[in-house]
Amino acid sequence: MYSCWVANTMRIRLLFIISLLFCLVFPGGVNAQEEASIDSLVSLLESTEGQEHLQILYELSENRWLPFEDRISYSEDAIDYAARSGEIRFLYDAHLHQGKVFSREAMDQDALESFEKALNISEESGNADGILNALFWIGKTYSWLRDPEKAAEYLNRTRNMAVQQKNEGMESDALYSLGEMNRRYREYEGAMAYYDTAYALADAAGSRDKLSEINASQGMVMYYQGEFHQAVGYYEKAIAIFNELGEEDSESRNLLRLANANYQLARYDIALGHYQQALAIFEKINHEAGMIAVLNGMALIYFSQEQFDKALETHLTLLNLNQARQNQEEIGRSLHNIGTVYN
């Protein structure tokens, strides 16, 4: 009799929580501050020209609070403006920038086409710096397209050209990207060798942002090999620099990785603290994929520690997020997890 009463009470409570959360609006829409900032930038387009005008279009195309369709539209506006200006360097920059916009959305084939246009413009105009940058981004994109031969070809061309130009920063970037490619193909020894060489160059050049990126990648290699203590050390170094530089996106992603590493070490309270730090930043910058990853980690800890109320609340929040994204697979997973907690 008692078990039936508990089951009925839990069932009523579950339905109440579901109803309550479905009535809430999860953070994700444009807040008043961001909307004012966007409106301010748009109004400036009418009174600016040249590089300043393009810079505003670039900022709008990078704004995560805007729908992707709007962001890509602003990058197209930049290309049109650059073409009308007659400035070859503007046109090169606009195509390169659009490639980066596509790249952030993992639209790698579209990104490749933009970077190739930037390369053609640079070659036709004899812009050595433009050629170097375009080669680098083409190489990175081929790596993401899982074409290691093409990736290595363009990244080694970048590296060789950087050596000729005595451009240690770009040489370090190329070496780091070669390391990243090795990491993706689980060639961990080769990856660490590239990272070490890239790190020495970046350190000599005083490139703090590159040092942090390399530390983060070294942490991932250690994590994949089950060396969680070493992974924690690398992640902590990366996070400290990202925080110093104000790189919130990178800081939050590495807080998530640090939390995962501590979870593997059964340091659940520490992991939960890092998840919460990451979540606060992801919410601030409207990074929905990051929010979902963090909430999944938090739910796992709550469930493993039998904090079922918090696990249920977290899974319901995930359901809300996934419904907003219309991700049917993740919606199904959320419903399954809710059922598991309830049972």
Side-chain angles (χ1 to χ4, degrees), residues 25-85 87 89-119 121 130 133-134 136-138 140-141 143-145 209 213 242 245-253 256 281-294 321-327 330:
V25 177
F26 194 90
V30 181
N31 63 36
Q33 184 178 353
E34 287 296 332
E35 188 171 7
S37 175
I38 292 167
D39 289 344
S40 176
L41 286 173
V42 171
S43 67
L44 283 173
L45 289 173
E46 299 177 5
S47 58
T48 54
E49 296 180 356
Q51 186 64 55
E52 186 180 1
H53 186 87
L54 283 170
Q55 194 57 46
I56 292 170
L57 288 171
Y58 295 158
E59 286 185 41
L60 288 166
S61 68
E62 293 171 356
N63 193 305
R64 283 186 181 275
W65 292 92
L66 289 172
F68 174 69
E69 293 77 12
D70 290 350
R71 284 184 278 135
I72 204 63
S73 177
Y74 282 120
S75 75
E76 289 286 354
D77 289 345
I79 290 171
D80 291 342
Y81 181 86
R84 291 196 307 273
S85 75
E87 290 279 355
R89 63 191 175 92
F90 287 173
L91 191 58
Y92 156 79
D93 282 340
H95 281 294
L96 191 77
H97 183 85
Q98 186 179 67
K100 294 176 184 179
V101 174
F102 281 127
S103 186
R104 289 189 192 98
E105 299 295 323
M107 298 175 66
D108 298 318
Q109 193 59 51
D110 293 298
L112 181 63
E113 292 175 10
S114 295
F115 294 140
E116 286 175 336
K117 288 175 183 176
L119 177 61
I121 292 167
N133 268 301
F136 171 68
W137 280 99
I138 290 171
K140 284 183 69 170
T141 305
S143 176
W144 292 323
L145 286 167
D209 57 339
E213 288 183 28
F242 285 132
L245 298 175
E247 296 284 347
E248 291 183 320
D249 188 359
S250 297
E251 181 185 358
S252 56
R253 283 188 282 112
L256 170 60
I281 302 175
F282 281 135
E283 288 179 342
K284 178 182 176 183
I285 64 177
N286 196 39
H287 194 308
E288 290 186 350
M291 291 183 234
I292 289 169
V294 166
L321 258 179
N322 288 319
Q323 285 183 321
R325 289 163 63 90
Q326 299 183 338
N327 187 325
E330 290 301 321

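None of the values given here were measured: they were computed from a predicted structure.
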Asker: Given the rule in the side chain to side chain contact (heavy atoms under 4.5 Å, CB included) test, do Arg104 and Phe68 qualify, once you have shown the distances and angles that lead to the verdict?
Answerer: CA-CA 10 Å; Arg104 289 189 192 98; Phe68 174 69; over 6 Å; no
Asker: Quick one: are Met291 and Asn286 in side-chain contact, heavy atoms under 4.5 Å?
Answerer: yes
Asker: Measure the spacing between CG of Leu57 and CD of Glu76 and express it to the nearest 0.5 Å.
Answerer: 11.5 Å
Asker: Which pair of heavy atoms, one from Phe90 and one from Gln51, lies closest together, and at what distance?
Answerer: CE2-OE1, 3.2 Å
Asker: Of all heavy-atom pairs between Ala82 and Ser85, which one has the smallest distance, and what is that distance?
Answerer: O-OG, 2.6 Å
Asker: Can you measure from OG (Ser75) to NE2 (His95) and round to the nearest 0.5 angstrom?
Answerer: 10.0 Å
Asker: Are the side chain of Tyr58 and the backbone of Ala78 linked by a donor-acceptor contact shorter than 3.5 Å?
Answerer: no
Asker: Could you state the interatomic distance from CG (Leu44) to CD (Glu59), rounded to the nearest 0.5 Å?
Answerer: 9.5 Å
Asker: Quick one: CD on Gln55 to CD on Glu52, what's the gap to the nearest 0.5 Å?
Answerer: 9.5 Å
Asker: Rounded to the nearest 0.5 Å, what separation is found between the CD atom of Glu113 and the CE atom of Met107?
Answerer: 10.0 Å
Asker: Are any of the side-chain heavy atoms of Ile72 and Gln98 separated by less than 4.5 Å?
Answerer: yes
Asker: Would you check if Ser252 and Ile285 make a side-chain contact, meaning some heavy-atom pair closer than 4.5 Å?
Answerer: yes
Asker: Does any part of the side chain of Ile56, heavy atoms only, come nearer than 4.5 Å to the side chain of Tyr74, both counted from C-beta?
Answerer: no
Asker: What's the separation between atom CD in Gln109 and atom CG in Leu145, rounded to the nearest 0.5 Å?
Answerer: 5.5 Å
Asker: I need the minimum non-hydrogen distance between Ser103 and Ala111, along with the two atoms involved.
Answerer: N-CB, 3.9 Å
Asker: At their closest point, which heavy atom of Lys284 faces which heavy atom of Trp65, and how far apart are they?
Answerer: O-CZ2, 3.4 Å
Asker: With Phe115 as reference, evaluate Phe102, Tyr92, Trp137, Phe136 under the ring pair (Phe, Tyr, Trp, His ring centres under 6.0 Å) test and give the passing residue.
Answerer: Trp137
Asker: Evaluate the criterion side chain to side chain contact (heavy atoms under 4.5 Å, CB included) for residue pair Asp93 and Leu54; output intermediate values, then yes/no.
Answerer: CA-CA 9 Å; Asp93 282 340; Leu54 283 170; 5.9 Å; no
Asker: Hey, does Leu112 have a side-chain heavy atom less than 4.5 Å from the side chain of Ile138?
Answerer: yes
Asker: Quick test of your reading of the model: are Asp249 and Arg253 salt-bridged, counting only N-O distances below 4.0 Å?
Answerer: yes
Asker: Just wondering, do Glu247 and Asp209 contact through their side chains at under 4.5 Å, heavy atoms?
Answerer: no
Asker: Before accepting this row, confirm whether a basic side-chain N of the pair Arg71/Glu62 lies closer than 4.0 Å to the acidic partner's carboxylate O.
Answerer: no
